[in-house]
Amino acid sequence: MKKRLRQWAAALCALALGVSLAACSSVEEEAGADGVFDYGGRVTLRILSGSENRELEPILDAFAKEHRINIAMEYQGSLDIMRALQSGATDFDAVWPASSLWLTAGDTDHRVKHAQSVSVTPVVFGIRQSLAEELGFVGREVSVSDILDATREGRLQFCMTSATQSNSGASAYIGFLYALLGNPDVITAEDLASPQLAGQMQALLAGVDRSSGSSDWLKDMFLAGDYDAMVNYECLIISANQTLEERGEETLYVVYPYDGLSLADSPLGFVDGSGDDKEKAFLELQEYLLSDEVQDEIQRTGRRTGYAGVSPENGDVFRADWGVQPDRVLSPIRMPDTDVLFQCLSLYQTQLRKPSLTVYCLDYSGSMSGTGHSQLVDAMAQVLLQENAAQHFLQASENEVNILIPFDGDVRETHTAQGNGEQLEALYSVVENEPVGGGTDMYRAAMEALRQLQQYDLSQYTPAVILLTDGASGGSESAFARAYEAMGADVPVFSIMFGSAEPGQLEALAELTNARVFDGREDLVAAFRSVKGYN
């Protein structure tokens with residue numbers, strides 16, 4: 001908490017010095033404007049990719065410069081990549097999800113061709129070294145049941161991406177299911193009806209203390225906070241450890257749940273119909289990435305390039321003292337058929353995960369009149385109306401709590417909905433009918449959100465504040481910082497930037513609360529869907 005308060009103070013100093021342009025650049029990077037490598041090449045490959053490939057950007061940059069083929073990466077979650085494929089992926093020339101699972105589920109028209117795995121990385125637990133030793137996990141094989149026992153005893157909490165938004169979370173969750181079901185040949189719909197399984201999964205997922213919609217951001221969040229463990233790709237645990245060691249902090253010990261180990265095989269495929277020039281450029285890129293020299297570079301990022309070990313010269317990356325097992329032969333679980341996969345994800349979202357506690361602070365100031373108001377209503381319809389939410393696996397559970405705080409220059413009446421029934425539908429009616437007018441004070445609304453949250457046992461929920469504003473805010477940012485410190489809870493304040501919102505103010509909130517800013521200026525509906533996937 002003190003570290004984040006120092007970051008908050010630094011952000012306020014930057015704002016006072018008038019460097020809001022730099023903050024604006026930061027928001028743009030988080031919104032996916034990075035990953036563009038343009039050297040005036042003869043063609044541009046537009047690649048829809050999982051966020052974990054951000055760490056390969058230096059390799060992509062070198063290719064673009066050498067081959068004069070521009071690359072424009074857009075990073076989305078695995079479920080979004082799947083949905084883009086289901087819609088034809090017409091805005092992209094290639095797709096690069098974390099797992100072939102999402103190609104199989106999304107490419108129903110069989111438009112993806114030339115798909116090949118670029119690298120392989122298992123989904124593992126990274127646990128603080130001292131805690132791993134205390135749990136008895138060091139130097140032995142660990143099962144999912146061992147992890148469940150530690151969670152039930154209150155000895156282990158961990159950060160994890162949402163199983164319905166990110167491949168690392170989905171893969172870990174499916175691995176848990178397989179292990180707790182006794183490793184069947186394949187998961188069936190009948191298996192999922194087991195009350196014993198439901199109880200075990202609820203107990204295991206109760207150990208999730210922070211969630212995320214992105215594997216790469218989960219690593220960044222972990223490094224900025226004070227957490228004991230995270231479930232993520234082996235390569236991102238290695239990357240986190242490199243940073244922790246540089247900072248002189250305790251590193252993570254890698255634990256491979258042997259009976260529920262899942263893999264990300266990172267397939268890169270061409271979207272047919274993009275044109276002959278694009279296809280030729282794609283094949284050049286693929287050949288480059290699969291060449292011996294570049295495969296070695298990829299191994300240097302902590303990714304494996306096969307299923308049976310890594311090159312001896314890269315042993316300094318895959319370090320045994322971190323628990324990494326470079327010579328481990330990876331035998332992944334079998335993923336369920338698409339229909340059963342969707343049942344698994346729906347079950348996770350509506351019954352098994354720790355329930356969300358979400359406070360929406362929504363700007364109804366005068367500048368939101370007209371288009372802004374209508375876009376806000378459309379966006380909230382995607383998360384509050386359950387028929388819409390189900391299309392993106394964002395449904396509420398029966399134990400979920402949603403709180404609405406409309407604000408302008410002051411806080412208006414607060415509205416609360418319990419569960420996923422009529423109260424939630426009624427909350428949408430409030431969003432739709434709330435009048436527009438007045439000034440803007442997001443800090444007052446955010447402080448009211450903290451007061452509302454203090455009425456709950458936050459350990460039983462995944463809490464978050466989601467704040468939307470379309471203008472520079474009055475009010476006292478330092479008063480909010482004091483209130484947040486006094487609360488003493490790890491509650492992220494995610495912001496959605498809209499209209500002429502001041503990015504520096506929003507970035508400072510994100511720094512203080514270990515959260516992030518989403519850019520809703522071009523697509524507010526998509527921004528709300530994205531941020532809801534983070535809790």
Between side-chain atoms of residues 117-128 and protein atoms elsewhere (two or more places apart, or another chain), which donor-acceptor pairs fall under 3.5 Å?
unit_1 : atom_1 : unit_2 : atom_2 : d
S117   : OG     : S119   : O      : 3.2
S117   : OG     : D265   : O      : 2.5
T121   : OG1    : E234   : N      : 3.4
T121   : OG1    : C235   : N      : 3.2
R128   : NE     : Y227   : O      : 2.9
R128   : NH1    : E250   : O      : 3.0
R128   : NH2    : Y227   : O      : 3.2

Query raised in the report: What pairs with S51 under side chain to side chain donor-acceptor pair (under 3.5 Å), at least two apart in sequence or on another chain?
Result: S214

Report task. For D316, enumerate each residue passing the salt bridge (Lys or Arg N to Asp or Glu O under 4.0 Å) test, keeping only those at least two apart in sequence or located in another chain. Result -> R300

Query raised in the report: Any chance the side chains of Q349 and T164 put a donor and an acceptor closer than 3.5 Å?
Result: yes

Requested in this report: Determine, stepwise, if the pair I59 / I298 fulfils side-chain contact (heavy atoms from CB on, under 4.5 Å).
Outcome: CA-CA 8 Å; I59 293 173; I298 289 173; 3.8 Å; yes

Query raised in the report: Taking side chain as C-beta onward, heavy atoms only, is V359 less than 4.5 Å from V491?
Result: no

Report summary line: D216 meets the salt bridge (Lys or Arg N to Asp or Glu O under 4.0 Å) criterion, sequence neighbours left out, with R54

Query raised in the report: To the nearest 0.5 Å, what is the distance between CG (L48) and CG (D80)?
Result: 8.5 Å

**Report entry** Any donor-acceptor N/O pair, Q386 side chain to A396 backbone, under 3.5 Å
**Finding:** yes

Report summary line: Across all chains, not counting sequence neighbours, the ring-ring contact (aromatic ring centres under 6.0 Å, His included) partners of F63 are H67, Y288

Report task. Test side-chain contact (heavy atoms from CB on, under 4.5 Å) on F528 and L468 and set out the steps. Result -> CA-CA 9 Å; F528 263 93; L468 171 113; 3.9 Å; yes

Query raised in the report: Does the side chain of K532 reach to within under 4.5 Å of the side chain of S356, using non-hydrogen atoms?
Result: yes

Query raised in the report: What are the two closest heavy atoms between C159 and F222, and how far apart are they?
Result: SG-CD1, 4.3 Å

Report task. Determine whether I466 and C361 make a side-chain contact, defined as any pair of heavy atoms from C-beta on separated by less than 4.5 Å. Result -> no

Query raised in the report: Are L285 and I47 side-chain neighbours, meaning at least one heavy-atom pair lies under 4.5 Å?
Result: yes

Requested in this report: Answer yes or no: is there an ion pair linking E279 with K113, defined by an N-O contact shorter than 4.0 Å?
Outcome: yes

Query raised in the report: Has E66 got more than 12 heavy atoms of other residues, nucleotides or ligands less than 6.0 Å from its CD?
Result: yes

**Report entry** Any donor-acceptor N/O pair, Y348 side chain to F393 backbone, under 3.5 Å
**Finding:** no

Requested in this report: Check the pair E477, L512 against side-chain contact (heavy atoms from CB on, under 4.5 Å), reporting the backbone distance first and the verdict last.
Outcome: CA-CA 11 Å; E477 53 268 71; L512 173 66; over 6 Å; no

Report task. For F92, check ring-ring contact (aromatic ring centres under 6.0 Å, His included) against everything at least two apart and list the hits. Result -> none

Query raised in the report: Judged by atom type as modelled, is there a donor-acceptor pair below 3.5 Å linking the side chain of N70 to the main-chain atoms of Y39?
Result: yes

Query raised in the report: Which residue pairs pass the ring-ring contact (aromatic ring centres under 6.0 Å, His included) test when at least one of the two sits in residues 300-327, sequence neighbours left out?
Result: none

**Report entry** Main-chain N/O of I237 paired to N232 side chain as donor or acceptor, under 3.5 Å
**Finding:** no

Report summary line: dist D209:CG -> K354:NZ (nearest 0.5 Å) comes out at 6.5 Å

Report task. Mind checking the CE-CD spacing from M380 to Q382? Nearest 0.5 Å is all I need. Result -> 11.0 Å

Report task. Would you mind reporting whether L362 and M368 have side-chain heavy atoms less than 4.5 Å apart? Result -> no

Report task. Identify the two heavy atoms, one from N53 and one from M73, that lie closest to each other, and give their separation to 0.1 Å. Result -> CB-CE, 4.5 Å

**Report entry** Nearest atoms (heavy-atom pairs only) where E52 meets P97
**Finding:** OE2-C, 4.2 Å

Query raised in the report: Is there side-chain contact between S100 and M335, with heavy atoms separated by less than 4.5 Å?
Result: no

Requested in this report: Please report the shortest heavy-atom distance between S168 and S215, naming the atom on each side.
Outcome: OG-OG, 2.7 Å

Query raised in the report: Taking only residues at least two apart or on different chains, which pairs with a member in residues 95-116 satisfy ring-ring contact (aromatic ring centres under 6.0 Å, His included)?
Result: none

**Report entry** Side-chain touch E55/L236, heavy atoms, less than 4.5 angstrom
**Finding:** yes

Query raised in the report: How would you list all residue pairs meeting side-chain hydrogen bond (donor to acceptor under 3.5 Å, both in side chains) that involve residues 268-277, not counting sequence neighbours?
Result: D93-S274

Query raised in the report: Does R328 have any salt bridge (Lys or Arg N to Asp or Glu O under 4.0 Å) partners at least two apart in sequence or in another chain, and if so, which?
Result: E141

Query - Under 3.5 Å: donor-acceptor pair, side chain of S87, backbone of R83 - result: yes

Requested in this report: Assess whether side-chain contact (heavy atoms from CB on, under 4.5 Å) is satisfied between E313 and D296, documenting all intermediate values.
Outcome: CA-CA 9 Å; E313 58 267 25; D296 185 68; 3.9 Å; yes

Requested in this report: For Y253, enumerate each residue passing the ring-ring contact (aromatic ring centres under 6.0 Å, His included) test, keeping only those at least two apart in sequence or located in another chain.
Outcome: none

**Report entry** Closest non-hydrogen atom pair between P463 and P492, with its separation
**Finding:** O-CD, 3.4 Å

Query raised in the report: For F270, which residues count as a ring-ring contact (aromatic ring centres under 6.0 Å, His included) partner, sequence neighbours excluded?
Result: F282

